Amino acid sequence: MVRVNLLPREVIERRKYEQLYRYVFIGAVGMVLIVLFAYAGIFLLGQQKSDKLQTLQEETKQYQSQADAFSIFESKEQELLDREQVAQTALAGRIDMGMLAEEVSLVLPDEVWLGSVSISEKDGLSLSGNTPRSTSESVDVAYKSIAKLLVRLNELPTLFDVWLVTATNADWVGWSVPEGDAVPLAAKVVGFQATGKIEIPAASAASTGTIAVPAPPAAGN
Amino acid sequence: MKIAPREQFILTVVAAVLVVVVLIAVLVYPSYTKLTSLDSDISQAQIDVSTAKSLLAQRQGIKDRSAQTDAKWLTLANQVPDNPDLPALIIELQDAAFDSGVQLVAVTPAVPTNLGTYVSVPISIEILGTWADTVDYLQRISKLSRGLRTIQVSANVTDNTSQISRENAPLPAYFEDTKLDLEAYMIPASTGATPAAGVPAPAGP
């Protein structure tokens, strides 16, 4: 038996597309559902991440507030460090003049006495004193004593460029003596003046440096 | 206007696709963008937590050693105070003179000089005593709690016993008349302080 479709062509075509609408609808609903599920998943994930972010921010705030409460200690310590640095700058390169004076006293030969001592940061050491004069060839008198003093001064670690300014024969009248004693001391002496430069301690010494050969002092020194 | 079934179908499909695209554009894409932004915010927040934690630990350490800091402050305030603090300095100089056996003859502070971050207070003093006592005094003033710089020491032998007096102690036949140029220092509390503004200067003649 042969079936003959007598419907017009337009009707056949319309029925064909009417069947396809069902698939389009199912596909569209499926896609919408997938999109909605994706949205829901992303939304939930976003919520979780928002909660985590909030927790972290609260944690940060908590630590920050505790740290802020301790900031007074930090600023106090920082101020101390700043002031310490300024104090170090102010007190840098100090010369221990007490130690230097003691060292000079210790190396002073027994037969030499000083009339004046000047120790200056700027001008260094300046001594003037006397030593007995004699015709003896002993090493302990007159110019030899002065030479001995210069050698000893030069060996002091804090002094360099030790220099004899002058040494001349003189008549020395001693200082007055306590009441009841005899006449003031008097002697034939060699009077001398010597100078030396002082090693500046620590970093500031770099600008001064040490010179192997001592230079004579400037005129008038 | 009559539309053919084929075109109707195509239009329906296009409409359905448009609906899906609009849904993606309106719902999914902004949420996804927000999610990405949240990820970067969380990374930043974790860095912030770590930074805040380390800052807290650092300041906690500073707080723990605050007693040492206070002690250092005290030492530094004695060594280089924030004002000339002459009374304390004079007492220290006098005590050192008593301890070493020299006689303090004169103490003359000069006008403070502003040297930028700190202020120098020049002080000239004169002492009388034996050389040994003078050396002892020099050593003592270098160890005072107040930081002093000895600029110049000038000692001369003198035999003028009228200048010196000691109770119940024999006078030496001669002794040293020593002049000392010292410098004490102060760090003004405020950085803008100047000697004219913050340091009391001696009155004019």
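Bear in mind that the values here come from a model prediction, so they are computed numbers and not experimental data. Labels below follow one simple rule: chain letters A, B, ... track the order of the sequence lines, proteins then strands, and each chain is numbered from 1.
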Taking the side chain as C-beta and beyond, is there a heavy-atom pair between [X] and [Y] under 4.5 Å?
X: B:Phe9; Y: A:Leu20; result: yes
X: B:Arg59; Y: A:Gln66; result: no
X: A:Arg83; Y: B:Asp82; result: yes
X: A:Tyr17; Y: B:Arg6; result: yes
X: A:Ser50; Y: B:Leu38; result: yes
X: A:Phe43; Y: B:Leu27; result: no
X: A:Ser105; Y: B:Val135; result: yes

Which pair of non-hydrogen atoms, one from [X] and one from [Y], has the smallest distance, and what is that distance?
X: A:Ala67; Y: B:Leu56; answer: N-CD1, 3.6 Å
X: A:Arg94; Y: B:Leu148; answer: NH1-O, 2.8 Å
X: B:Leu76; Y: A:Ala87; answer: CD1-CB, 3.6 Å
X: A:Ser116; Y: B:Asn156; answer: CB-OD1, 2.8 Å

Could you tell me which of [options] has the largest number of non-hydrogen atom pairs under 4.5 Å with chain B?
options: A:Ile72, A:Thr89, A:Leu100, A:Leu53; answer: A:Leu53
options: A:Met31, A:Lys76, A:Met99, A:Lys122; answer: A:Lys76
options: A:Ala28, A:Gly41, A:Ala101; answer: A:Ala101
options: A:Leu45, A:Leu80, A:Val24, A:Leu56; answer: A:Leu80
options: A:Glu13, A:Lys52, A:Lys16, A:Gln62; answer: A:Lys52

Rounded to the nearest 0.5 Å, what's the gap from [atom1] on [X] to [atom2] on [Y]? Could you check?
X: B:Gln79; Y: A:Gln88; atom1: CD; atom2: CD; value: 9.0 Å
X: A:Asp96; Y: B:Thr150; atom1: CG; atom2: OG1; value: 8.0 Å
X: B:Tyr137; Y: A:Met97; atom1: OH; atom2: CE; value: 14.5 Å
X: B:Gln58; Y: A:Phe73; atom1: CD; atom2: CZ; value: 14.0 Å
X: B:Ser37; Y: A:Lys49; atom1: OG; atom2: NZ; value: 11.0 Å
X: B:Lys53; Y: A:Thr60; atom1: NZ; atom2: OG1; value: 9.5 Å

Problem set entry | Worked check of salt bridge (charged side-chain N to carboxylate O under 4.0 Å, His left out) between B:Lys63 and A:Glu74 | CA-CA 8 Å; B:Lys63 180 181 178 285; A:Glu74 190 181 42; over 6 Å; no
Quick check on [X]: does its [atom1] atom have over 12 non-hydrogen neighbours (other residues, nucleotides or ligands) under 6.0 Å away?
X: A:Tyr21; atom1: OH; answer: yes
X: B:Tyr32; atom1: OH; answer: no
X: A:Asp110; atom1: CG; answer: no
X: A:Leu36; atom1: CG; answer: yes

Side chain from CB out, backbone as N, CA, C, O: work out which of these in [X] comes under 4.5 Å of a heavy atom of chain B, or both, or neither.
X: A:Glu79; answer: both
X: A:Val86; answer: both
X: A:Ile34; answer: neither
X: A:Lys61; answer: neither
X: A:Asp82; answer: neither
X: A:Ser71; answer: both

Exercise. Are side-chain N/O atoms of B:Gln139 and A:Glu102 paired as donor and acceptor at under 3.5 Å?
Worked result: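 Note: B:Gln139 and A:Glu102 side chains meet the donor-acceptor criterion.
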Problem set entry | Salt-bridge contact B:Lys72-A:Glu77 (side-chain N to carboxylate O under 4.0 Å) |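 Judged by the 4.0 Å cut-off on N to carboxylate O distance, B:Lys72 and A:Glu77 do not form a salt bridge.
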At a heavy-atom distance under 4.5 Å, which candidate from [options] has the highest pair count against chain A?
options: B:Gln152, B:Gln8, B:Gln46; result: B:Gln152
options: B:Asp70, B:Leu180, B:Val153, B:Thr51; result: B:Val153
options: B:Leu138, B:Val80, B:Ile42; result: B:Ile42
options: B:Ser31, B:Ser154, B:Ala16; result: B:Ser31
options: B:Lys34, B:Arg65, B:Arg149, B:Gln60; result: B:Arg149

Problem set entry | Candidate pair B:Val20 and A:Val32, rule side chain to side chain contact (heavy atoms under 4.5 Å, CB included), full reasoning | CA-CA 6 Å; B:Val20 171; A:Val32 168; 4.2 Å; yes
Problem set entry | Candidate pair A:Tyr63 and B:Leu55, rule side chain to side chain contact (heavy atoms under 4.5 Å, CB included), full reasoning | CA-CA 8 Å; A:Tyr63 285 134; B:Leu55 181 67; over 6 Å; no
Problem set entry | Given B:Val26, B:Val19, B:Leu23, the one that forms side chain to side chain contact (heavy atoms under 4.5 Å, CB included) with A:Val35 |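 Output: one option passes, namely B:Leu23.
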